[in-house]
Amino acid sequence: MTGNRWWRRGSIGMLVLSLGMIGLGTERSVTAGLLDSFGMGGDDEAVVEHPPVPTEYKDKHMPIGGWTDPKTIEEGRKIFMGLVDPEVKCAKCHGEDGKPVKAGARDFHQAKRMNTYEDSFWFWRISEGVPKTKMKPWKEKLTEEQRWQVMAFEHTFSHDGKAEPHEHAQQVKR
């Protein structure tokens, strides 16, 4: 009888993990979160389905040359570090080196993960924040240009500190 109860509990656990694996339409699966919390897998291993970008952000794209422009990246670094406005310090959660210092903050070094973000998606998340997380909306504190600058700087973390174009299959080619 005791073994039977254990099996039922195990089955419920497997059901929860299975549901997490199919994603339930969330940005990140339950399974990926569990693996992360145990130091296994991590974001680079997770299958990610992003919510659709709202209409008002769909046509927003990094200005031409922005991903690799040294001036843009330097301005983004200043914003990221809180040197432009102390109330806007991305490094407070994401770490000065792009490695998170607060639980749940995105690790910008994970190239596989970062390359799944279209520029319009990334810009939307910086602008509006991320629901059910500590990521705040920054559109009231940062101009559109400043949000692109921060993205350009953040992008360098996933390329060993180098300025590289952000290209992937879903991105709109211009």
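Heads up: numbering here begins at 1 and tracks the sequence.
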With a 4.5 Å heavy-atom cut-off, do [X] and [Y] have their side chains touching?
X      : Y      : answer
Lys141 : Glu87  : yes
Met151 : Trp67  : yes
Glu154 : Val150 : yes

Rounded to the nearest 0.5 Å, how far apart are [atom1] of [X] and [atom2] of [Y]?
X      : Y      : atom1 : atom2 : answer
Cys90  : Ile126 : SG    : CD1   : 7.0 Å
Phe157 : Arg106 : CZ    : CZ    : 14.5 Å
Thr143 : Ile79  : OG1   : CD1   : 7.0 Å
Lys89  : Lys92  : NZ    : NZ    : 9.0 Å

Contact summary for [X] and [Y], nearest pair of heavy atoms:
X      : Y      : value
His61  : Asp59  : CD2-O, 3.4 Å
Thr72  : Ala152 : CG2-CB, 3.9 Å
Glu128 : Lys139 : OE2-NZ, 2.7 Å
Ala105 : Pro100 : O-CG, 3.3 Å
Ala91  : Met81  : CB-SD, 4.1 Å
Pro131 : Gly129 : CD-O, 4.0 Å

Walk me through it: do His155 and Trp122 pass the test side chain to side chain contact (heavy atoms under 4.5 Å, CB included)?
CA-CA 10 Å; His155 185 254; Trp122 197 344; 3.9 Å; yes
Is a side-chain N or O of [X] found less than 3.5 angstrom from the main chain of [Y], in a donor-acceptor match?
X      : Y      : answer
His94  : Val101 : no
Asp119 : Met62  : yes
Arg125 : Phe121 : no
His109 : Ser158 : no

Sort out for me which residue in Phe108, Trp148, Phe80 forms a ring-ring contact (aromatic ring centres under 6.0 Å, His included) with Phe153.
Phe80
Using a strict 4.0 Å threshold on nitrogen-to-oxygen distance, state whether Lys71 and Glu74 make a salt bridge.
no
Between Arg147 and Glu144, is there a side-chain N and carboxylate O pair less than 4.0 Å apart?
no
Is there a side chain to side chain contact (heavy atoms under 4.5 Å, CB included) between Val53 and Glu118 once you walk through the steps?
CA-CA 9 Å; Val53 176; Glu118 293 182 42; 5.9 Å; no
Let me see the working for Ile73 and Gln149 under side chain to side chain contact (heavy atoms under 4.5 Å, CB included), right down to the final yes or no.
CA-CA 6 Å; Ile73 293 167; Gln149 291 168 339; over 6 Å; no
Go through it in stages, so that I can follow the logic: the residues are Val130 and Lys136, the test is side chain to side chain contact (heavy atoms under 4.5 Å, CB included), and I'd like the CA-CA distance, side-chain angles, deciding distance and then a yes or no.
CA-CA 7 Å; Val130 181; Lys136 298 189 236 182; over 6 Å; no
How far apart are the C-alpha atoms of Glu56 and Trp124, what are their side-chain angles, what is the distance that settles it, and do they pass the side-chain hydrogen bond (donor to acceptor under 3.5 Å, both in side chains) test?
CA-CA 9 Å; Glu56 68 184 284; Trp124 165 49; over 6 Å; no
